[in-house]
Amino acid sequence: MSRALIKRSHVAIWKWIQYMDINDFVIDRSKEKSKVRCIMIDETMITIKGEVYWLWVAYEPYINKYLLMDISKDRTTLRCYYFIKELRRLYGSKYTVYTDGTHYYNQACRWLRIRHIVYDDNYKNVMERSIQYINKG
């Protein structure tokens with residue numbers, strides 16, 4: 001689980017989205033869905049106008065694409081469940097979900113009957129770098 005704390009206003013986040021060529025970093029499901037081999041998930045705390053939010057990120061390391069992002073006020077098993085459920089709707093359930101092993105990932109994957117693996121240090125470094133790239137935005 002990432003513990004990075006970034007302070008951004010809603011305008012800064014909007015500018016970040018405008019600055020990044022979103023097509024370079026977010027998967028085009030109509031063309032690249034078949035290239036997805038695994039899904040890595042992590043969340044990081046962000047601050048927007050003094051309020052704490054959680055940025056949930058799903059990333060595919062083999063094609064270097066972000067599959068899904070979501071911002072929420074809470075970090076609970078139920079929130080995690082809905083995030084992974086949306087991933088399943090978009091990409092199916094044949095993929096393995098890799099996480100840092102936090103209890104809410106284990107429970108959500110069990111509820112959704114999705115294969116879950118706690119990633120090792122190599123994958124953890126890949127996921128942390130992908131989150132850091134977003135934080136630098």
Side-chain angles (χ1 to χ4, degrees):
M1 165 175 47
S2 178
R3 297 273 187 210
L5 175 63
I6 59 173
K7 294 184 179 184
R8 302 281 192 261
S9 70
H10 69 284
V11 173
I13 291 173
W14 179 83
K15 286 181 181 179
W16 166 73
I17 291 169
Q18 301 304 313
Y19 168 77
M20 294 178 72
D21 183 359
I22 205 72
N23 293 324
D24 289 343
F25 303 104
V26 177
I27 192 168
D28 179 353
R29 281 187 282 281
S30 65
K31 296 178 183 175
E32 299 179 292
K33 183 177 178 179
S34 63
K35 295 179 183 178
V36 175
R37 293 170 46 188
C38 76
I39 298 174
M40 298 176 68
I41 302 173
D42 202 2
E43 81 288 341
T44 187
M45 185 178 10
I46 60 173
T47 303
I48 303 172
K49 292 186 124 185
E51 298 269 339
V52 173
Y53 291 88
W54 293 95
L55 175 65
W56 298 80
V57 178
Y59 177 72
E60 211 300 351
Y62 296 103
I63 59 174
N64 192 29
K65 298 284 183 174
Y66 295 97
L67 305 176
L68 184 64
M69 291 184 200
D70 189 31
I71 295 177
S72 69
K73 281 290 282 178
D74 58 349
R75 184 178 61 156
T76 63
T77 303
L78 192 56
R79 170 55 64 190
C80 183
Y81 169 82
Y82 287 124
F83 185 74
I84 296 173
K85 186 176 180 181
E86 180 64 8
L87 282 167
R88 186 179 71 177
R89 186 186 71 75
L90 295 171
Y91 300 101
S93 60
K94 68 179 182 174
Y95 307 106
T96 300
V97 170
Y98 292 82
T99 71
D100 60 8
T102 307
H103 67 89
Y104 41 81
Y105 293 124
N106 296 329
Q107 187 65 43
C109 287
R110 192 174 318 123
W111 287 345
L112 291 164
R113 294 183 172 87
I114 293 178
R115 186 167 182 238
H116 173 254
I117 295 177
V118 176
Y119 47 63
D120 61 16
D121 287 340
N122 291 331
Y123 274 133
K124 182 175 180 149
N125 291 336
V126 168
M127 194 64 211
E128 293 298 324
R129 280 195 306 272
S130 73
I131 295 279
Q132 285 175 355
Y133 184 80
I134 294 169
N135 287 346
K136 288 181 183 178

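Side chains are part of it too, since the values below use all heavy atoms of this structure and drop only hydrogens, waters and symmetry mates. What you see is a predicted model; the values in this text were computed from it and never measured.
- To the nearest 0.5 Å, the span separating CD1 on I71 from OG1 on T44 amounts to 11.0 Å.
- The side-chain hydrogen bond (donor to acceptor under 3.5 Å, both in side chains) test applied to R115 returns T96, not counting sequence neighbours.
- Evaluation of the side-chain hydrogen bond (donor to acceptor under 3.5 Å, both in side chains) rule for Y98 yields no partner, not counting sequence neighbours.
- In plain terms, the two heavy atoms of Y119 and M40 that are nearest each other are CD2-CE, 4.0 Å.
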Verdict with reasoning, Y59 to D42, per side chain to side chain contact (heavy atoms under 4.5 Å, CB included): CA-CA 9 Å; Y59 177 72; D42 202 2; over 6 Å; no

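- Here the side chain of E60 pairs a donor or acceptor atom with the backbone of C38 at under 3.5 angstrom.
- Every residue meeting the side chain to side chain contact (heavy atoms under 4.5 Å, CB included) condition with T77, not counting sequence neighbours, appears here in chain and number order: H103, Y104, Q107, W111.
- Evaluation of the side-chain hydrogen bond (donor to acceptor under 3.5 Å, both in side chains) rule for S72 yields W56 as partners, not counting sequence neighbours.
- For V118, the side chain to side chain contact (heavy atoms under 4.5 Å, CB included) partners at least two apart in sequence or on another chain are H116.
- Remark: Y53 pairs with no residue by the ring-ring contact (aromatic ring centres under 6.0 Å, His included) rule, at least two apart or across chains.
- Note that CE of M127 and OG1 of T99 are 10.0 Å apart. Values are rounded to the nearest 0.5 Å.
- Annotation: D74, atom CG; neighbour count of heavy atoms from other residues, nucleotides and ligands within 6.0 Å is above 12.
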Worked verdict on S93 versus L112 for side chain to side chain contact (heavy atoms under 4.5 Å, CB included): CA-CA 9 Å; S93 60; L112 291 164; over 6 Å; no

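- Atoms OH and CD1, on Y81 and I114 in that order, are 9.5 Å from each other to the nearest 0.5 Å.
- To the nearest 0.5 angstrom, K73 atom NZ is 4.0 Å from E51 atom CD.
- For K94, there are no side chain to side chain contact (heavy atoms under 4.5 Å, CB included) partners at least two apart in sequence or on another chain.
- Every residue meeting the side chain to side chain contact (heavy atoms under 4.5 Å, CB included) condition with A58, not counting sequence neighbours, appears here in chain and number order: I39, I41, L67, L68, F83, L87.
- A search for salt bridge (Lys or Arg N to Asp or Glu O under 4.0 Å) contacts involving D120 returns nothing, not counting sequence neighbours.
- Qualifying side-chain hydrogen bond (donor to acceptor under 3.5 Å, both in side chains) partners for R37, counting only residues two or more places apart in sequence or in other chains: none.
- R88 pairs by the salt bridge (Lys or Arg N to Asp or Glu O under 4.0 Å) definition with nothing, not counting sequence neighbours.
- With T76 contributing its side chain and R79 its backbone, the two residues share a donor-acceptor pair below 3.5 Å.
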